[in-house]
Peer 1: 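Here it is, the structure in full.
Residue numbers begin at 1 in each chain, while the letters A, B, ... track the order of the sequences. What you see is a predicted model, and the numbers here were worked out from it, not measured in a lab.
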2 protein chains.
Amino acid sequence: MSEGAVTPAPASDRADEIRARIRARGGAATIYDIAELAGVNPSTVSRALGKPGRISVATAERVQAAASELDFRINPAARALQTGKTGMLGLVVADITNPVVFDVVRGAEHEAADAGYTLVIAESQESGENESEVIERLLPSVDALVLATTRLAPERLLDIAGRKPVVLINEAVDEVPSVVADVETGVNEVIDHLVALGHTSLVYLAGPSTSWISRRRWEAIFAAAERADVAIVEAGPNVPTIDGGRDAARRVLALRATAVIAYNDLMAIGLMQALAAEGIAVPSQLSITGFDDIFGSDLIVPALTTVRTDLEAAGRRAVAMTLQDQSQPQTPVAPLLTGLIVRGSTGPAPR
Amino acid sequence: MSEGAVTPAPASDRADEIRARIRARGGAATIYDIAELAGVNPSTVSRALGKPGRISVATAERVQAAASELDFRINPAARALQTGKTGMLGLVVADITNPVVFDVVRGAEHEAADAGYTLVIAESQESGENESEVIERLLPSVDALVLATTRLAPERLLDIAGRKPVVLINEAVDEVPSVVADVETGVNEVIDHLVALGHTSLVYLAGPSTSWISRRRWEAIFAAAERADVAIVEAGPNVPTIDGGRDAARRVLALRATAVIAYNDLMAIGLMQALAAEGIAVPSQLSITGFDDIFGSDLIVPALTTVRTDLEAAGRRAVAMTLQDQSQPQTPVAPLLTGLIVRGSTGPAPR
DNA sequence: TTGTAGGCGTTATCAT
DNA sequence: ATGATAACGCCTACAA
């Protein structure tokens, strides 16, 4: 038991000793611990772990062994301090519980994870001031920023973009890279769809006046309607929520149109609810369409005809752009496609 | 213009000079820059910014002025390296696009922001292995962790909890703090509601077998049904999604019950869709209820009767617990209330 | 109250 | 291929 016992192998002996020391100081293993266990210099450990090629296979293996022996995890703060890279990406959205951003968040998270980055999500609560603060708080700890639904003024945006790479989603500001869906395709499809159903008088239920994408949709709708030779009018601005759609019902009805293209599905849903309450039948008396194809659009009755955008792809792409070497020429990518999904909320125009 | 021009005030002159130097080295202002501009030692700057009381008012003000003059933001990495505190909190969820987690995320984000922390969100994609990896990656960069829908084994959980503070949501493991909704109240209300409608044969459409909260709900339902003297049977396990609910329809119908309590709203919705496809009327032929009251539950027709949990409060509370001094005695808090929301999917039992 | 002097864990730049 | 050493920006004894 005592004298006669064989001494444990020196290697694991040493490991135990080091482990004890680590525990004693109440921290995690560092490259110094590994260096000691592997019998090399800390800088060699750093290289072995960081740059595969630049070290002899033998030492690399010894280091790897020691590292896993001691359950080593690199200290991100120490690395960040030295390199300036935090390995984190920021995503700022106006409202986390807005179904529209779900898919953006998912796409962004996946792309970030795939690239070995961690995603930090912050909510601006639809307020520009808040958004500014949030961004200031986030900026020092992220390598880049994706703004999904910014309410910031262009100057402010440019200022931020000057400090860290910034990518916008569905928003365009000169000089700031952005991921924007190809509005035209989907819009043309809606208009064609409605015209084919015999509608000759349309309403665009606009979003917030500060929303770049709402204007963009309006322009595309206007052009398509003009081309199709049907009446078109913009009603708004409106709050882009279910309540916003509900509140607009009376104004919409007063326009005596036969079809409404809402800025987004949330508003379309609100509008449909208000219409139902007023006893207006959809689609027999009024056809309704939305944008986004959010969760819930196919749950409502009648199910909503809508222009779908691949928001998950938007999130992925925004993150990918963010990681692109800024000095490299941007590889031009195909625009995000949009397409019409025809469901029950559109039908023949009443006569 | 040249000779006659008044020299700018020395102070701002100095500031410009320092600003130029900062720009030249392509970084942000440091406490050294501030120290220089304010004419004090860097350590004094650190104190002035960090601990209000321990510095003379005059110097504190000079430092503050210099800091905002140079637009100083503290370098989180440098601070973290020294203090071991990163100022970040991790939230791990199984599926970001699951409506159930939205409110948790929002609550957590708000509480974190209020406490001056930044929330990092990671997705485990419903896989325990994945979750483990994600957590390992996250752990070194966060001060604490909230696991919203963990699939991890208790031992693993305990291991993680030993390294950083961990709080669980709707999941209980010995020794690991958690936020759990008070299932009983809501469950008793559903059962009472169904019994009052004349139902005598109920089905619980269970969630995943690994879900602690699904078992918890089942136990409460069983007890309440027993007390009310109505038949109750568990059907499952099932995948807790719309598709999972859809797939269970045939099995549910075969049970010839008159009311189904689904593990969550997603499954209830899927079930309702499948029933509609089969021509089964809800609630006249079959009453359906869910849990969670997610977005969409009041959109579907008939709108879903469901047991609502304040998930946002759960998120807030979990984060708050996370930040609590671990050495302090935990202040016991009132359990999260749940309550029944009666909508159209439940009605009198068919006779 | 303020200055001095390390040190946190890593990477980068020299040497060797 | 590897070792020594100096930063990175902040915090914190300790001294003054």
Peer 1: Once side chain to side chain contact (heavy atoms under 4.5 Å, CB included) is applied, do any residues pair with Ala320(A), and if so which ones, sequence neighbours excluded?
Peer 2: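 With sequence neighbours excluded, Ala320(A) shows a side chain to side chain contact (heavy atoms under 4.5 Å, CB included) to Glu111(A), given in chain and number order.
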
Peer 1: Is it true that a side-chain atom of Asp143(A) and a backbone atom of Gly87(A) form a donor plus acceptor pair closer than 3.5 Å?
Peer 2: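 Judged by distance alone, yes, a pair lies under 3.5 Å.
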
Peer 1: Only pairs under 3.5 Å count here: list side-chain donor-acceptor contacts from residues 113-122 of chain A, not counting sequence neighbours, and write none if there are none.
Peer 2:
residue   : atom : partner   : partner atom : Å
Asp114(A) : OD2  : Arg316(A) : NH2          : 2.9
Thr118(A) : OG1  : Arg137(B) : NH2          : 3.3

Peer 1: Students should find this one: the first and last nucleotides of DNA chain C, 5' to 3', lying under 4.0 Å from a heavy atom of chain B. What are they?
Peer 2: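 Listing 5' to 3', DNA chain C meets chain B from dT1(C) to dG9(C).
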
Peer 1: Could you tell me whether Val40(A) contacts a base, only the sugar-phosphate backbone, or nothing, with contacts defined as non-hydrogen atoms closer than 4.0 Å?
Peer 2: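 Sugar-phosphate, no base atom in range.
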
Peer 1: Considering residues at least two apart in sequence or located in another chain, which fulfil the side chain to side chain contact (heavy atoms under 4.5 Å, CB included) criterion with Asp95(A)?
Peer 2: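 Side chain to side chain contact (heavy atoms under 4.5 Å, CB included) list for Asp95(A), sorted by chain: Thr97(A), Asn98(A), Glu123(A), Glu126(A), Arg106(B).
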
Peer 1: Check salt bridge (Lys or Arg N to Asp or Glu O under 4.0 Å) between Arg25(B) and all other residues, then give those that pass, not counting sequence neighbours.
Peer 2: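 Expected list: Asp33(B).
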
Peer 1: Using five base pairs at each end to define the local axes, how bent is the helix from dT1(C)-dA16(D) to dT16(C)-dA1(D), to the nearest 10°?
Peer 2: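 The helix from dT1(C)-dA16(D) to dT16(C)-dA1(D) shows an end-to-end axis angle of 30°.
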
Peer 1: dA7(D) P sits how many Å from Asn75(B) CG, rounded?
Peer 2: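 Atom-to-atom, Asn75(B) to dA7(D), this comes out as 18 Å.
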
Peer 1: Check salt bridge (Lys or Arg N to Asp or Glu O under 4.0 Å) between Asp103(B) and all other residues, then give those that pass, not counting sequence neighbours.
Peer 2: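 Residues passing salt bridge (Lys or Arg N to Asp or Glu O under 4.0 Å) with Asp103(B): none at all.
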
Peer 1: State which residues pass salt bridge (Lys or Arg N to Asp or Glu O under 4.0 Å) with Arg54(A); sequence neighbours excluded, sorted by chain then number.
Peer 2: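 Applying salt bridge (Lys or Arg N to Asp or Glu O under 4.0 Å) to Arg54(A) gives none.
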
Peer 1: Tell me every residue that passes salt bridge (Lys or Arg N to Asp or Glu O under 4.0 Å) with Glu136(A), counting only those two or more places apart in sequence or in another chain.
Peer 2: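 By the salt bridge (Lys or Arg N to Asp or Glu O under 4.0 Å) rule, Glu136(A) matches Arg156(A), Arg163(A), Arg73(B).
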
Peer 1: Check residues 55-62 of chain B and write down every donor-acceptor pair under 3.5 Å in which the side-chain atom is one partner and the other belongs to a residue at least two apart or another chain.
Peer 2:
residue  : atom : partner  : partner atom : Å
Ser56(B) : OG   : Thr59(B) : N            : 3.2
Ser56(B) : OG   : Thr59(B) : OG1          : 2.5
Thr59(B) : OG1  : Ser56(B) : O            : 3.0
Arg62(B) : NE   : Ala38(B) : O            : 3.2
Arg62(B) : NH2  : Ala38(B) : O            : 2.8

Peer 1: Whole-Å distance between dA6(D) C1' and Leu81(A) CG?
Peer 2: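 In whole Å, dA6(D) C1' and Leu81(A) CG are 13 Å from each other.
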
Peer 1: Which parts of nucleotides 11-16 of chain D does protein reach within less than 4.0 Å, heavy atoms only, written one letter per nucleotide 5' to 3' as B for base, S for sugar-phosphate only and - for none?
Peer 2: BBB---

Peer 1: The criterion is side chain to side chain contact (heavy atoms under 4.5 Å, CB included); which residues satisfy it with Ile74(B), sequence neighbours excluded?
Peer 2: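 Phe72(B), Arg79(B).
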
Peer 1: Please report, rounded to the nearest Å, how far the P atom of dG9(D) is from the NZ atom of Lys85(B).
Peer 2: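 Taking atom P of dG9(D) as the reference, NZ of Lys85(B) is at 23 Å.
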
